[in-house]
Amino acid sequence: MDFSAVSYALETIDKLTQEVTSLWGVDEQVGGLASELRWMQSFLKVADARKVDHEVIRTTVVEIRELAYDAEDVIETFSLKVASKRKGGFSNCIKRSACFLKEGCLLHQIKSEIEKITARIKVLTRQLKTYDVSKLGVDGEGPSCSTERREARRPYPHVMDDNIVGLGKDIQKLVSVLVDEESECKVLSISGMGGLGKTTLAKKIYSQSHVVGHFKHLAWKMKVEKLAEKLSSFLEENKCLVVLDDIWNTESWDSLKPAFSARETRSKILLTSRNKEIVSHADSKGFLYELQYLNYKQSWELFQKIAFPPTNSPRYKIDAKMKELGEEMVKHCAGLPLAIIILGGILATKYPSLTEWLKVSANVKSYLNNDKGEVLRDVLALSYDDLPPYLRPCFLYLSHFPEDYEIPADRLIQLWVAEGIVSSKQEEGEEGQVAEDVAEGYLLELAERCMIQVRERDIATLKIRSFQMHDLMRDVCLSKAKQQKFLYIADQSNACQLSTIGRVRRVSAHKFIPLQCIKSPRLRSLLLFDELLPDEEQANIFPLTMQSYFENHDFDNPLYWFVAPLMLSVVFTKFRGIWKYMFNNFNFLRVLDYEGGGEAGCKLPNDIGKLIHLRFLRLRDLEFLSSKLPSSLGNLRCLQTLDLRIEGGCSNSIHVPNVLWRMQQLRHLYLPEECNRKTKLKLGTLRNLQTLVNFNTKNCYVKDLINMTNIRELEIRGPFNIEDCNTGELDKNPPIIHSKYLHSLSIINEEGIIDPRHLAHLLLSCENISKLRLDVEIRRLPEYHYLSSNLAYIKLRRCKLEEDPMPTLAELPYLSMLELHGEAFIGKEMFCSGQAFAKLESLSLKGLNFLEEWKVSEEGAMPCLRRLEIENCIQLKKLPDGLRFIATLQELKIESMPTTFKDKVEEGGEDFCKVRHVPSIIVDARFSSIL
């Protein structure tokens with residue numbers, strides 16, 4: 001049950017009540033409001049704990065969330081417009097006395113709004129008190145929908161499914177672990193998304209003759225309650241296999257744990273679960289098997305078994321068109337066996353009618369969601385039902401993103417924090433842990449519950465960088481979000497309905513919609529995934545005669561130069577209207593996120609300063625004719641994330657006014673890639689900053705970095721010079737950075753060179769970084785003692801190092817990935833000595849045009865190397881002899897190398913003996929330019 005909105009509203013009130021003087025005039029109203037909200041919060045927690053799933057409760061949750069949002073809006077307006085101006089000081093008193101009447105009117109209005117909200121909450125409270133939550137959980141609508149769904153899915157091990165595809169290797173692997181007498185592993189787990197076939201795989205293993213013969217007794221249990229006492233003595237005396245199917249939480253395992261105490265036993269447990277966390281909890285030495293999705297070939301094979309008659313049947317005949325339709329439809333199941341079975345079952349009932357198959361093909365998803373697809377919906381919905389309260393809004397938030405969209409983890413986390421879905425109160429934990437850390441844990445938990453599919457992980461930390469949702473899991477997410485009125489997904493087909501809905505809090509537009517359709521003054525978040533005004537929409541603005549004239553006349557016609565500016569003026573007026581409508585009507589926006597980029601008009605209007613509640617503002621890739629940003633940005637004092645990576649139409653360099661220092665809640669700041677020479681920003685007040693991108697010493701002050709004690713990621717783009725630097729004795733200079741949390745440093749300068757002594761002094765301040773990227777000319781690599789011993793990833797590009805960097809880099813104890821690209825090194829010889837690069841797993845050499853010889857010691861260099869990539873090193877004569885001794889090497893990739901080099905590497909060539917042990921060798925002889 002989602003009570004994050006109530007928690008966040010209470011947190012806002014708590015912040016305000018910390019300053020007693022600020023509450024003068026509304027203290028009684030705020031106290032009453034907080035009291036009512038706390039009762040609501042307690043009610044929701046009790047209802048959730050009892051797994052109550054009642055229509056009254058569902059409707060009430062939506063109402064409570066709306067009221068909590070209203071309460072937060074009012075309290076924050078008071079904080080920003082009244083309380084913040086009550087701070088002491090003679091000058092402030094003079095200013096306040098000048099607008100005392102205005103403040104009084106505002107105070108009266110806020111007091112009145114708080115009283116109205118409190119009254120509405122009291123009405124809800126009276127209604128809820130008539131319902132006994134404990135009874136609703138028992139005889140209202142049964143125990144709960146999720147409990148009923150679980151009961152309905154109870155399997156029986158002797159009932160086997162003949163329609164099984166692609167499990168042969170899975171069965172073989174798991175059986176070998178189960179019957180291994182020498183293995184210390186007592187608990188084996190099969191994990192994966194609902195509908196992937198975990199129970200089916202467990203049944204097949206359970207019935208394998210090798211397993212039946214190995215264990216004296218076999219038991220299949222779905223409910224583990226009261227099982228421990230029965231098993232304890234029995235397992236001690238007998239060698240048994242116990243299958244625990246569909247385990248949802250660690251508590252279920254804990255109830256069984258006493259049966260598997262410290263006593264010696266040869267018995268084993270095979271459990272299936274959607275939650276990977278259970279595995280590590282159950283047995284630190286346990287074996288986790290992650291069941292994979294079917295590939296297309298396997299999906300088609302399974303589909304044919306169900307949708308078409310048996311091959312020995314007289315009815316067996318596959319029409320070419322039906323085969324084509326089937327092959328296309330099966331793609332919608334994205335390798336999920338249960339979805340394929342259900343789709344195949346639907347089509348089997350319509351075989352051999354091509355007309356009926358065409359109907360299904362026209363809208364596959366609707367058929368998977370109809371009555372016959374109810375099993376699939378229920379299976380996937382169980383994953384949502386089992387989520388703890390704090391994860392449900394996190395999961396529902398994923399419905400903002402389009403189908404098949406690869407969601408960047410850092411952006412999602414920033415959105416969660418901005419919306420209060422991850423509360424700052426949850427930061428109270430380990431030292432240095434902030435809301436983003438809590439959010440990362442939540443995202444990892446969704447991955448462990450198999451509700452998202454990880455696509456990319458951070459090289460150094462292995463944290464999730466991007467992920468996707470399975471189409472069918474996304475359908476569940478959309479369905480739940482719609483049911484709870486969590487957000488509105490808008491496109492041109494339904495945009496007109498927005499004008500009739502006044503209580504929309506979140507809008508996500510995957511395609512262009514006229515923003516004037518949105519009539520909700522209390523809108524909290526707006527995510528736009530298309531351009532603000534696409535070209536086809538711009539074309540619709542003009543009369544056909546004007547378009548025709550513009551298309552059929554060239555620059556030589558004098559009227560062309562009259563029509564062109566006129567059309568441009570009309571377009572800019574349209575853009576100005578869009579911005580004006582947004583800034584004047586959506587005053588309570590917390591999130592404004594532009595994904596599509598593209599043209600955005602003449603300039604960003606001053607009215608943006610009216611959005612005082614904004615926490616997240618992303619303007620990346622928007623193109624403005626003017627390169628000057630408005631100073632009213634300084635009004636946005638609640639901003640946590642600000643992305644100003646815009647593009648200027650007249651100039652690539654952007655002018656950013658010196659107002660960012662006012663945004664003291666900023667946590668993530670992305671400056672334009674290039675600021676003009678007039679931009680000079682003071683950032684020393686931004687003590688909460690965690691991410692700073694495109695910093696340089698031309699537009700910012702080096703001295704400000706030392707105040708950013710929470711900085712975690714720093715990207716320097718452009719010049720970096722330290723004034724009054726003692727280059728003779730670097731350790732006598734004051735530190736540049738004083739954050740022990742900094743883990744990533746990037747320096748990019750496409751034009752100039754950085755003084756290697758300045759670089760060394762900067763690196764001396766970055767003692768904990770794990771990632772280092774240098775894309776700048778330095779000529780000489782700093783000595784080893786300047787580099788962080790925690791470095792796990794290093795990328796060097798265009799550094800033009802004259803000395804071999806390998807002896808220095810080889811000493812880094814945790815370096816696992818090294819990339820030397822595009823003239824990182826301009827010497828002729830490179831040598832990896834014995835015992836060098838103890839932890840290196842991946843090495844990439846690209847565009848090292850002057851490298852002729854690379855030697856690798858035969859005495860244990862790079863003992864963990866798994867992946868080697870060589871590309872565009874056009875002078876390199878041969879592979880090093882030492883590669884033959886690297887037994888761990890799994891992949892060798894050779895691209896854009898001379899034919900003579902390629903011939904040596906391929907089978908039969910003189911270098912093939914050095915890499916014959918490598919399982920994957922990819923050789924591409926194409927030549928290309930240096931990357």
Side-chain angles (χ1 to χ4, degrees), residues 459-460 715-720 744-760 762-763 766 769-784 786-788 791-812 814-833 836-837 839-856 861-862 865 867-880 883 892-898 901 927-931:
I459 297 163
E715 181 180 298
I716 297 167
R717 185 180 292 272
F720 184 82
S744 175
L745 174 67
S746 300
I747 302 177
I748 305 159
N749 191 343
E750 297 179 359
E751 298 173 359
I753 183 172
I754 187 172
D755 188 321
R757 294 167 298 184
H758 291 186
L759 173 62
L762 173 62
L763 291 172
C766 306
I769 58 170
S770 57
K771 292 194 294 183
L772 175 64
R773 178 187 173 201
L774 299 177
D775 191 348
V776 57
E777 186 176 337
I778 55 176
R779 294 285 175 178
R780 189 176 76 251
L781 192 68
E783 296 173 18
Y784 167 74
Y786 290 110
L787 300 173
S788 166
L791 280 168
Y793 169 76
I794 293 179
K795 180 176 182 177
L796 305 180
R797 181 175 178 267
R798 295 189 299 106
C799 297
K800 296 188 177 178
L801 299 174
E802 296 167 351
E803 296 180 7
D804 182 3
M806 291 304 193
T808 301
L809 299 175
E811 295 185 55
L812 295 168
Y814 299 109
L815 188 64
S816 61
M817 187 167 188
L818 175 62
E819 297 177 352
L820 303 179
H821 292 180
E823 297 191 337
F825 171 56
I826 56 174
K828 293 183 178 181
E829 293 184 5
M830 201 160 64
F831 179 56
C832 297
S833 61
F837 297 106
K839 295 286 182 69
L840 192 69
E841 295 183 7
S842 177
L843 176 61
S844 176
L845 308 176
K846 291 184 181 181
L848 305 182
N849 290 343
F850 302 96
L851 181 65
E852 295 180 6
E853 187 174 13
W854 174 33
K855 296 179 181 178
V856 174
M862 300 187 287
L865 191 69
R867 184 177 182 274
L868 173 61
E869 183 179 22
I870 302 174
E871 180 180 327
N872 249 325
C873 299
I874 56 178
Q875 302 292 334
L876 188 61
K877 296 180 175 63
K878 62 178 183 176
L879 288 173
L883 289 183
L892 172 64
K893 194 173 183 180
I894 308 291
E895 283 191 301
S896 303
M897 293 292 286
F901 186 93
F927 256 119
S928 65
S929 59
I930 297 170
L931 296 179

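All residue numbers refer to positions in the sequence shown, counting from 1.
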Partners passing side-chain contact (heavy atoms from CB on, under 4.5 Å) against Lys855 (at least two apart in sequence or in another chain): Phe831, Glu853
Output all residues satisfying side chain to side chain donor-acceptor pair (under 3.5 Å) with Lys771, sequence neighbours left out; order by chain, then residue number. Asp458
With sequence neighbours excluded, tell me which residues meet side-chain contact (heavy atoms from CB on, under 4.5 Å) with Pro807. Asp804
From NZ (Lys877) to CZ (Phe901), nearest 0.5 Å: 11.5 Å
Restricting to non-hydrogen atoms, name the atom on Ala824 and the atom on Leu796 that form the minimum distance, rounded to 0.1 Å. CB-O, 3.3 Å
So Leu883 and Leu868, do their side chains get closer than 4.5 Å, heavy atoms only? yes
How long is the span from the CG atom in Asn849 to the SG atom in Cys873, to the nearest 0.5 Å? 7.5 Å
So which heavy atom on Leu843 is nearest to which on Met806, and how close? CD1-CE, 4.4 Å
Can you find a pair of side-chain heavy atoms, one from Leu791 and one from Leu809, that are under 4.5 Å apart? no
What's the separation between atom OG in Ser744 and atom CD in Glu715, rounded to the nearest 0.5 Å? 8.5 Å
About how many Å separate CE of Met830 and CG of Leu820, when rounded to the nearest 0.5 Å? 6.0 Å
Would you give me the side-chain donor-acceptor pairs under 3.5 Å for residues 774-783, sequence neighbours excluded?
from	atom 1	to	atom 2	distance (Å)
Asp775	OD1	Arg797	NH1	3.2
Asp775	OD1	Arg798	NE	3.0
Asp775	OD1	Arg798	NH2	2.9
Asp775	OD2	Arg797	NH1	3.0
Glu777	OE2	Arg779	NE	2.9
Glu777	OE2	Arg779	NH2	3.1
Arg779	NH1	Glu802	OE2	3.2

Can you see which heavy atom on Leu879 is nearest to which on Leu892, and at what distance? CD1-CD2, 4.3 Å
Do Glu869 and Ser844 pair up side chain to side chain, a donor and an acceptor below 3.5 Å, judged on atom types alone? yes
Any side-chain heavy atom of Trp854 sitting closer than 4.5 Å to one from Leu845? yes
Go through the structure and list residues passing side-chain contact (heavy atoms from CB on, under 4.5 Å) with Ile459, not counting sequence neighbours. Tyr793, Met817
All heavy atoms of Phe825 vs all of Leu848, minimum pair found to be N-CD2, 3.9 Å
Tell me if a side-chain donor or acceptor on Ser896 pairs with a main-chain N or O of Glu871 at a distance below 3.5 Å. no
What pair of heavy atoms forms the shortest contact from Ala460 to Ser770, and how long is it? CB-OG, 3.7 Å
Could you give the distance from CD (Gln875) to NZ (Lys828), rounded to the nearest 0.5 Å? 9.0 Å
With sequence neighbours left out, what residues match Tyr784 under side-chain contact (heavy atoms from CB on, under 4.5 Å)? Thr808, Glu811, Leu812, Pro813
Which value, rounded to the nearest 0.5 Å, describes the distance between Ile874 atom CD1 and Leu851 atom CG? 11.0 Å
